[in-house]
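Small disclaimer: the values here were computed from a predicted structure and weren't measured. Position 1 is the first residue of the sequence; numbering continues from there.
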Amino acid sequence: MAPTAKQGQEVRLRLMAAAVELIPERGWSAVSTRILADRAGVTPSVVHYHFSSVQEVLTEAAIGAMREVLTATDELFTAATTPAAAIDALLASLEQYDGSDPTSLLFTETYLAATRDDRLRTQIAGLVTDFRTRVADWLTIQQVAEPAATAAVLAAAIDGLLLHRTLGPEAPALRTVLQRLVS
C-alpha cells in the first residue's frame with residue numbers, strides 16, 4: 001500500500017473511532033463535523049474528503065462496532081457444549097453492559113437514529129438477520145425445536161434485556177426462562 005493510501009486509511013479509522021466514542025457521549029444528532037474532526041485530530045475538511053457526510057461516518061462506525069459485538073458471540077456458541085451452557089455464557093458476556101456504558105449507549109443511539117434513516121435501519125436489520133441465522137444454525141446442530149423462531153426470540157430477549165437494564169434490576173428467573181427456551 002502506498003504511503004498516502006495508508007495514511008488515508010489511518011485517518012478514516014481515526015474518524016470512525018472518534019465517532020464510536022462521540023455517539024454515546026453526545027448522542028447521534030449532536031455529533032457535528034467540527035466535533036468529530038476535533039476528536040479525530042483533523043480539520044473539518046478532512047472529514048468530508050473521506051466521507052460524504054457526518055451521517056455516513058456515524059453509520060459506518062456504528063455498524064462496524066455493532067458487528068464486532070455480535071460477532072464476538074459466535075465464540076460463545078462455538079465453545080458451548082449444550083444450549084443451556086450457551087445461555088449461561090451469553091448472559092455472562094452481557095454482564096459488562098449495564099445500559100449506561102458506552103457500548104449500550106451506542107446501540108441505543110444507533111437504534112434510535114435508525115427510526116429516521118432507512119439506510120441505517122436496513123443495515124441494522126442485516127446485522128440482526130445474520131446474528132439470528134448464526135444462532136439458528138447452532139441451535140439446529142443442537143437439535144433445538146424451531147431453531148429459527150427460537151433464535152429470533154432469543155435475539156429480541158437479549159435486546160430487551162440490555163434496554164431494560166437502565167430501568168432497574170432484571171428478573172431473577174431470566175436465566176431459567178431463557179434456558180427453557182432452548183431446551
Flag yes if Leu36 and Leu13 sit in one hydrophobic cluster, no otherwise; membership is Ile, Leu, Val, Met, Phe, Trp, Tyr, and two members link when side-chain heavy atoms are under 4.5 Å apart.
yes
Hydrophobic cluster membership, with links at side-chain heavy-atom distances under 4.5 Å among I/L/V/M/F/W/Y: are Leu181 and Leu174 in one?
yes
Determine whether more than 12 heavy atoms belonging to other residues, nucleotides or ligands lie under 6.0 Å from atom CZ of Arg26.
no
Over 12 foreign heavy atoms within 6.0 Å of CD, Gln96:
yes
Measure the [atom1]-[atom2] distance between [X] and [Y] for me, rounded to the nearest 0.5 Å.
X      : Y      : atom1 : atom2 : result
Ile35  : Arg39  : CD1   : CZ    : 9.5 Å
Ile23  : Thr110 : CD1   : OG1   : 5.0 Å
Leu161 : Tyr97  : CG    : OH    : 12.0 Å
Leu58  : Ile63  : CG    : CD1   : 11.5 Å
Tyr111 : Ile124 : OH    : CD1   : 6.5 Å
Glu109 : Ser104 : CD    : OG    : 12.0 Å

Side chain of Arg14, backbone of Ala40: donor and acceptor closer than 3.5 Å?
yes
Criterion side chain to side chain contact (heavy atoms under 4.5 Å, CB included) against Leu178, the qualifying member of Leu90, Val153, Leu91:
Leu91
Heavy-atom check, side chain of Phe107 versus side chain of Leu162, under 4.5 Å:
no
Using side-chain heavy atoms (C-beta onward) and a distance below 4.5 Å, is Met16 in contact with Phe51?
yes
Looking at Glu95 and Arg165, does any basic side-chain N land under 4.0 Å from a carboxylate oxygen?
yes
Residue pairs fulfilling salt bridge (charged side-chain N to carboxylate O under 4.0 Å, His left out) with at least one residue in residues 82-94, sequence neighbours excluded
Asp88-Arg175
